[in-house]
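Just below is one structure, and these are the notes that go with it.
Counting starts at 1 for both ligands and their atoms, following the listed order. All residue numbers refer to positions in the sequence shown, counting from 1.
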Amino acid sequence: MLCLRHLVRCVDTHVMVVSVRYHNLYYWNQMFVLTNINDSIGSHLSSTHRSQSLFKNKNLISMTEKGLYVLMPYVVKAMNKLVDIIDDEMRQINAHKISMPSIVAKDLWDISNRWEESKEELFRLTDRQKTSFCLAPTHEEVVTQLVSKTKHLSESHLPIYLYQITNKFRDEIKAKHGLLRGREFLMKDLYTFDANEEKAKETYDKVCNAYENIFKRIDLTVIKVRGSVGNIGGKYSQEFMLVSDLGEDEIYKCNVCESAFNTELIDNTDEVKCLTCNSNDLKKLNAIEVGHTFLLGTRYSHNFNANYISNDSEKSRKVFEMGCYGLGVTRILAASVEVLSQNYSIRWPKSLVPFRVCLVLPKKGSKEDVYNGTEFSLDFAKSLTNIFNEDVFIDDRTNQTIGKRLFGLQSLGFPYIIIAGKRITEEIPIFEVIDNYRNDKYFMNHLDCIKFLG
Ligand code: ATP
Ligand code: MG
C-alpha cells in the first residue's frame, strides 16, 4: 500500500497556501439524529411538499409544535452557507448587519398603527409590569425608531442600509408545510434610508440586483412579480417567486411582455389584463414567495419623525425615504429542496450542500479495514478538508456493509461519495467515486480524486 507520507507531502504544498484549519471531519455516529436513516426511507413520503417529507423522513427537522421546528446539524450547515452568501452580497452593496430584539413594545407598534391592524398573526405577550409586547414578525418600527435617534445625520451620511438575519414570529393560520411556512422562521430583513425618492429608487434597484445575485448563486430561477404592499404598506412592492405547483401564491405571467403580477392585485377575475402592457394573453402559475421588496416612502419615517439634515442652504430637516426587503431564509432552504429533489432523495443547490464529499469507511474487520484502508481513508479525508477548505463527512457506521449504507447515503444528497471499497487494498489504493451530479461512477487513486474534486 502507498506510503501515507507521500500523500501528506503532496498535500502539504497546497496546505501552505489555503489552510485556515477550521474545517473538519464530521462523523455519522456523532451527528445527532442522523441514525437509522435506512429504516425510515420509503415510509410516510407524501408526493406533495417533498421538502417537508424528506426533511422529516430523514430526521433533519423535528417539530415541537405546529409551525415550530428544531433544525438538525445537517440542515443548519446548509442554512449557514445560505447566510454566508447573503452576508457576502450585502457586503457588496455596503449594507451593515445589526441585531434587533425580537420582543417589541406595543407602544412602538401603535406609532405605526400596526398593533390594531395586525390582528391574529401577531404573537402578543405581557411582562410583569403589565406592559404589552409582541414577538416581532418584522422590524420596520424598531429600525425606524433607531434611526430617528441619530439627530446628527446629514445628507452626506446617506444612504443607510441596515439588515439582520433573525427569527421572526407569526401566528400563521396555515402553518403546515414544514419550513415553508413556520410560525417561527429565519428571515433576512434589510431596511434602507435615503434622502429622496430618486435615491430610494436607486437603492431599490441595487438591492433587487443583489437579491437576484443571491438566487443565481443558489441555482434558483426566480421571477420578479408585482405584489401587494399588504399591511407593511408603501408605494410599490415586488415578490421574488419560485414557480412550483406546490406554491401557495398564484401569479399571472404575461406571454407578451413577460412581466408578472400576483393575483392578489386583481379585483375582477373575469377579465384579467396584464398590468404592464394590457394584454390578456396571460398564464396563471403557482409559486412560492421567497423574497419581498418594498419601496416604503415615508410611512414609517414620518410617524417616527426619522429625519436628516439636508445639504440645502437652510440645512432643513427632511424625512427619510425608506425601503424594506425581506428574504425567507428557512423558506428558501425548503423551497430549493422542494424544486430540486426527487421523491426519495434530497438534492441541494451546489452552493448550499451541507457536505460536498462523503467518505465511506470499510466494514470493521473486513480485509479492507485490516489492510490499512480505514487509516488511509481517514488521512485522505483530513487532507481533503485542508486542500479544499471544507468539512468532509465520514460514514463510520462500520458495523454495516458498505452496500447496506449506500442507499441511505444517496438520499441525503451528497454530490460525491468516495468509497474505500475492495480496491483500497491495491498497492496504489483505489477509491470508488460516485458522482451524483453526472450520475456516474469512477475508480481513482487519491491524487486523481483531488484533481477530480478540484
Ligand atoms: P406569505 O404571503 O407567504 O405569508 P408574507 O408576504 O407575509 O409571506 P413577508 O412579510 O413579505 O411575508 O416576509 C418576507 C419573506 O419572509 C417572505 O417573502 C417569505 O420568503 C418569508 N416568510 C414569510 N412568512 C413566512 C413563514 N411563515 N415561514 C417561513 N418564511 C416566511
Ligand atoms: Mg410578502
Side-chain angles (χ1 to χ4, degrees), residues 49 51-52 55 61 63 65-69 71 75 79 82-83 86 102 109 112 114 117-123 134-143 163-191 204 207-208 211-212 214-215 218 220 222-234 236-244 246-251 260-265 286-296 299-300 323-339:
H49 296 94
S51 59
Q52 183 185 13
F55 281 164
I61 59 174
M63 189 169 89
E65 293 292 335
K66 193 169 65 119
L68 303 176
Y69 291 92
L71 307 190
V75 176
M79 190 171 78
L82 178 53
V83 167
I86 295 172
S102 291
W109 275 62
S112 61
R114 285 211 294 179
E117 263 176 40
S118 320
K119 296 209 168 61
E120 286 84 10
E121 233 179 68
L122 211 53
F123 277 111
C134 68
L135 295 178
T138 172
H139 274 90
E140 285 77 12
E141 286 79 2
V142 180
V143 77
Y163 80 101
Q164 60 172 355
I165 300 181
T166 57
N167 280 6
K168 300 289 183 287
F169 304 84
R170 296 182 184 181
D171 195 1
E172 300 273 2
I173 191 163
K174 289 194 293 182
K176 58 179 184 188
H177 298 314
L179 301 186
L180 284 175
R181 187 172 292 285
R183 292 198 294 165
E184 177 173 355
F185 58 95
L186 192 63
M187 195 208 281
K188 177 261 171 183
D189 41 330
L190 165 71
Y191 305 91
Y204 186 85
V207 176
C208 284
Y211 277 19
E212 275 162 25
I214 291 168
F215 289 114
I218 55 177
L220 290 186
V222 292
I223 51 177
K224 258 197 298 182
V225 169
R226 177 95 180 264
S228 138
V229 293
N231 100 328
I232 289 183
Y236 180 71
S237 101
Q238 281 172 311
E239 294 161 319
F240 286 73
M241 291 286 192
L242 193 59
V243 172
S244 156
L246 303 175
E248 290 183 348
D249 279 86
E250 285 183 330
I251 60 172
F261 54 97
N262 199 311
T263 55
E264 284 170 358
L265 293 177
N286 280 81
I288 302 171
E289 179 193 323
V290 283
H292 202 162
T293 54
F294 296 78
L295 253 185
L296 284 177
R299 168 176 180 178
Y300 296 90
C324 74
Y325 309 82
L327 281 180
V329 178
T330 31
R331 183 180 285 182
I332 292 172
L333 268 192
S336 59
V337 166
E338 193 70 56
V339 295

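Residue Gly182 has at least one nitrogen or oxygen atom sitting less than 3.5 Å from a nitrogen or oxygen atom of ligand 1, judged on distance alone.
Protein heavy atom in closest approach to atom 14 (C) of ligand 1: Met187 CE, 3.8 Å. The closest protein non-hydrogen atom to atom 31 (C) of ligand 1 is Phe185 CE1, 3.3 Å. Protein heavy atom closest to atom 18 (O) of ligand 1, with residue, atom name and distance, is Glu289 OE2, 2.6 Å. Protein heavy atom nearest atom 11 (O) of ligand 1, with residue, atom name and distance: His292 ND1, 3.0 Å. In terms of protein heavy atoms, atom 15 (C) of ligand 1 is closest to Gly328 N, 3.9 Å. Given atom 5 (P) of ligand 1, the protein heavy atom at minimum distance is Arg170 NH1, 3.7 Å. When hydrogens are left out, the protein atom nearest atom 1 (P) of ligand 1 is Arg181 NH2, 3.6 Å; that is the closest non-hydrogen contact.
Note: Ile86 CD1 to Tyr211 OH = 7.5 Å, rounded to the nearest 0.5 Å. Between Met241 atom CE and His292 atom NE2 the span is 8.0 Å, to the nearest 0.5 Å.
A salt bridge does not link Glu289 with Arg331: none of the charged nitrogens is closer than 4.0 Å to a carboxylate oxygen. Comment: Glu140 engages Arg114 in a salt bridge, judged by a side-chain N to carboxylate O separation of less than 4.0 angstrom.
By the 4.5 Å heavy-atom criterion applied to side chains, Arg170 and Met187 are counted as neighbours. Side-chain contact between Phe240 and Glu212 is present, with heavy atoms from C-beta onward closer than 4.5 Å. Using a 4.5 Å cut-off on side-chain heavy atoms (C-beta onward), Phe215 and Leu327 make contact. Contact annotation: the side chain of Leu220 never approaches that of Val290 to less than 4.5 Å [non-hydrogen atoms, C-beta and beyond].
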Could you walk me through whether Phe123 and Glu184 pass the side-chain contact (heavy atoms from CB on, under 4.5 Å) check? CA-CA 10 Å; Phe123 277 111; Glu184 177 173 355; over 6 Å; no
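Neither the backbone nor the side chain of Glu239 has any atom closer than 4.0 Å to an atom of ligand 1 (non-hydrogen atoms only). Contacts between Thr138 and ligand 1, counted as non-hydrogen atom pairs separated by less than 4.0 Å, are absent for every part of the residue.
For the Mg ion (ligand 2), protein N, O or S atoms under 2.8 Å: 2 in total.
Near Leu180, with a cut-off below 4.0 Å to any heavy atom, the atoms of ligand 1 are 28 (N), 29 (C).
Partners of Gln238 under the side-chain hydrogen bond (donor to acceptor under 3.5 Å, both in side chains) rule, at least two apart in sequence or in another chain, are Tyr204, Tyr236.
A donor and an acceptor atom, one from each side chain of Ser118 and Asn231, are located under 3.5 Å apart.
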